[in-house]
Engineer: 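What follows is a single structure, and I will ask about it in a moment.
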Amino acid sequence: MPRIPRDQSFDSTLALLFDPYGFVSKRCRRYGADLFQARLLLRPTICMSGPEAAELFYRRDLLVRRGATPGRIQKTLFGRGGVQGLDGDAHRHRKQMFMSLMTPERIDNLKELTAGSWSVYAQSWAAKDRVVLYDEVQQLLTRVVCTWAGVPLPEPEVRRRTAELTALFDCAGSVGPRHWWSRLSRKRSERWIEDVVEGVRAGRLDPPEDSAARVIATWRDLDGEPLSPRIAAVELLNILRPTVAVSVFITFAAHALHRFPACRQMLQTDDGSVEHFVQEVRRFYPFFPAVIARARRNFEWNGYRFPRGRRVMLDLYGTNRDPRAWDAPEEFRPERFQHWDGSLFNFIPQGGGDHKLNHRCPGEWITIELMKASCEFLANSMDYDMPDQDLEIDTRRLPAMPKSRFVMSNVRPRSES
Ligand code: HEM
């Protein structure tokens with residue numbers, strides 16, 4: 001039986017923090033294998049990369065999520081008690097709550113709200129010397145998703161709630177004060193949204209029937225009981241936080257339009273091209289580096305032994321650039337998506353497998369549509385200049401981001417014809 005290659009360091013957590021997007025794939029190449037074992041946060045962890053490893057990772061009979069996510073991620077990014085940590089029937093039932101929000105009509109509604117908001121924001125940018133796109137889009141999306149989800153957002157609270165929702169994903173992976181700000185933001189956000197849930201239940205708030213606030217506040221788990229206010233808040237934040245996080249991909253899309261000017265022309269002349277462009281942005285740029293599970297029982301895979309309880313980490317970024325699945329993976333080529341095979345395991349920026357049965361992101365369609373609306377606006381409805389700035393992608397930060405956060409000046413919305 002082959003032995004899983006071992007990383008030599010006593011603990012590799014610092015190496016992972018230093019190179020979060022390259023850590024797994026570089027070592028897999030070094031060991032000539034799809035997997036290796038390292039000690040991360042003092043726990044032995046099997047790290048894997050590639051489509052075949054992804055297929056294993058989403059086997060529900062072999063891997064589970066309960067107890068897999070490190071506490072520091074639960075106290076910031078995810079919260080405790082949410083869908084991410086459930087398995088089996090409990091997971092399938094809770095996931096249904098999210099999937100019920102993703103109807104074509106609801107997604108179209110969100111896309112329309114977003115397109116309208118771009119017009120309003122672009123007008124306001126015209127009056128400013130320069131704007132930082134990443135920061136502006138966080139606020140734009142906070143307003144949009146609160147409206148869409150039926151969560152009241154009084155004007156004086158917009159800045160504060162934007163900052164708190166952003167801290168949940170933008171500072172969770174940091175160490176030191178940024179991480180502590182993320183923890184504080186989790187506490188504040190949960191208190192805010194618990195009030196909303198209780199308001200809906202008490203009839204003080206009356207969001208639309210098909211809104212996330214109503215659906216989550218009135219959802220009953222398999223035991224027939226409503227979710228506790230705190231868990232309902234965690235789940236409603238599982239809609240608000242990641243929608244604001246689409247600002248990361250939108251900033252990358254703006255970066256790609258700048259770096260690959262032929263793409264901008266393509267978006268201006270060919271309506272069908274925006275989908276491929278957006279998919280290539282999600283494949284090419286680094287965002288969510290990896291996902292974590294635990295072995296449900298002892299098992300063997302390709303001759304390797306996985307002991308029960310062992311933590312397993314799947315490399316999302318490296319799999320999206322695996323040369324076995326992608327030609328010239330380091331090149332930005334939207335047209336590759338004309339011929340993509342639709343595999344559930346080779347293109348996994350938001351997880352793999354089946355949306356209903358696995359933990360794959362239920363917000364994937366929302367992400368794609370918000371990115372499309374934003375790219376169409378950036379390419380066709382406004383002009384802007386790019387002052388001198390450092391556009392290098394900082395891949396030591398989580399999530400990665402152009403160092404300047406994408407600064408625009410002299411913004412000129414085009415008048416509608
Ligand atoms: C910003 C772009 C996004 C990225 C990069 C992203 C990424 C991911 C990833 C990697 C997972 C975990 C997959 C796994 O564990 O196997 C996930 C799960 C999840 N995402 Fe997203 N996501 C995004 C947007 C969204 C949006 C817009 C929503 C909701 C409106 C959303 C809601 C969720 C939920 C609820 C889960 C947990 C699903 C489960 O455990 O079954 N995400 N996402």
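First listed ligand is number 1; within each ligand, the first listed atom is number 1. Side chains included, hydrogens not; waters and symmetry mates left out as well; all remaining heavy atoms used.
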Engineer: Does the ring of Trp326 carry Arg283 above it, NZ/CZ under 6.0 angstrom from centre and within 45° of its axis?
Structural biologist: yes

Engineer: Kindly confirm or rule out a cation-pi arrangement of Arg321 over Phe284, judged by NZ or CZ under 6.0 Å from the six-membered ring centre and within 45° of its axis?
Structural biologist: yes

Engineer: Under 4.0 Å, heavy-atom basis, I'd like to know which part of Ile366 is in contact with ligand 1: side chain, backbone, both or neither.
Structural biologist: side chain

Engineer: Are the side chains of Arg80 and Glu190 in touch, meaning some heavy atoms are under 4.5 Å apart?
Structural biologist: no

Engineer: Is His359 in polar range of ligand 1, meaning some N or O pair under 3.5 Å apart?
Structural biologist: yes

Engineer: Is it true that the side chains of Asn346 and Asp341 contain a donor and an acceptor less than 3.5 Å apart?
Structural biologist: yes

Engineer: Got Val175 and Leu17 here, is their nearest side-chain heavy-atom distance under 4.5 Å?
Structural biologist: yes

Engineer: Just wondering, do Ile292 and Pro70 contact through their side chains at under 4.5 Å, heavy atoms?
Structural biologist: yes

Engineer: If the cut-off is 4.0 Å to any non-hydrogen atom of Arg65, which atoms of ligand 1 fall inside it?
Structural biologist: 14 (C), 15 (O), 16 (O)

Engineer: Considering all heavy atoms of both residues, which atom of Tyr134 and which atom of Pro399 are nearest to each other, and what is their separation?
Structural biologist: OH-CG, 4.4 Å

Engineer: Give yes if a backbone or side-chain nitrogen or oxygen of His91 is under 3.5 Å from a nitrogen or oxygen of ligand 1, and no if not.
Structural biologist: yes

Engineer: Which of the numbered atoms in ligand 1 are under 4.0 angstrom from any heavy atom belonging to Val246?
Structural biologist: 1 (C)

Engineer: Measure from the ring center of Tyr317 to the ring center of Tyr285 and say whether it is less than 6.0 Å.
Structural biologist: no

Engineer: Name the closest protein heavy atom to atom 37 (C) of ligand 1, giving the residue it belongs to and the distance to 0.1 Å.
Structural biologist: Val83 CG1, 3.7 Å

Engineer: So, does Phe57 sit close enough to ligand 1 that a heavy atom of it is under 4.0 Å from the ligand?
Structural biologist: no

Engineer: Check whether any side-chain heavy atom of Cys375 sits under 4.5 Å from a side-chain heavy atom of Phe277, and report yes or no.
Structural biologist: yes

Engineer: Whether Arg183 engages the ring of Trp180 as a cation-pi pair (distance to the six-membered ring centre under 6.0 angstrom, angle to the ring normal within 45°) should be assessed.
Structural biologist: yes

Engineer: Where do Asn238 and Glu235 land on the side chain to side chain donor-acceptor pair (under 3.5 Å) test, with the steps shown first?
Structural biologist: CA-CA 5 Å; Asn238 264 335; Glu235 299 297 33; 2.7 Å; yes

Engineer: Could you give me a count of protein N/O/S atoms that are under 2.8 Å from atom 21 (Fe) of ligand 1?
Structural biologist: 1

Engineer: Applying ring-ring contact (aromatic ring centres under 6.0 Å, His included) between Trp125 and each of Trp118, Phe377, Tyr384, report the one that passes.
Structural biologist: Trp118

Engineer: Out of Asn238, Leu357, Val291, Leu110, whose heavy atom is nearest to atom 29 (C) of ligand 1?
Structural biologist: Asn238

Engineer: Below 4.0 angstrom from a heavy atom of Leu316, which ligand 1 atoms are there? Numbered from 1 as shown, please.
Structural biologist: 10 (C)

Engineer: Just by distance, with hydrogens left out, do Asp170 and Gln138 show a side-chain donor and acceptor under 3.5 Å apart?
Structural biologist: no

Engineer: Have a look at ligand 1 and work out which part of Val248, if any, has a heavy atom under 4.0 Å from it: side chain, backbone, both or neither.
Structural biologist: neither

Engineer: Output the list of atoms in ligand 1 that are nearer than 4.0 Å to some heavy atom of Thr243, sorted by atom number.
Structural biologist: 27 (C), 30 (C)

Engineer: By number and element, which atoms of ligand 1 are closer than 4.0 Å to a non-hydrogen atom of Gln84?
Structural biologist: 37 (C), 40 (O)

Engineer: Of all the atoms in ligand 1, which lie at a distance below 4.0 Å from a heavy atom belonging to Tyr58?
Structural biologist: 14 (C), 16 (O)

Engineer: Heavy atoms only: which of Trp148, Phe98, Trp365 lies closest to atom 35 (C) of ligand 1?
Structural biologist: Phe98

Engineer: Can you tell me the protein heavy atom closest to atom 5 (C) of ligand 1 and the distance?
Structural biologist: Phe287 CD1, 3.5 Å

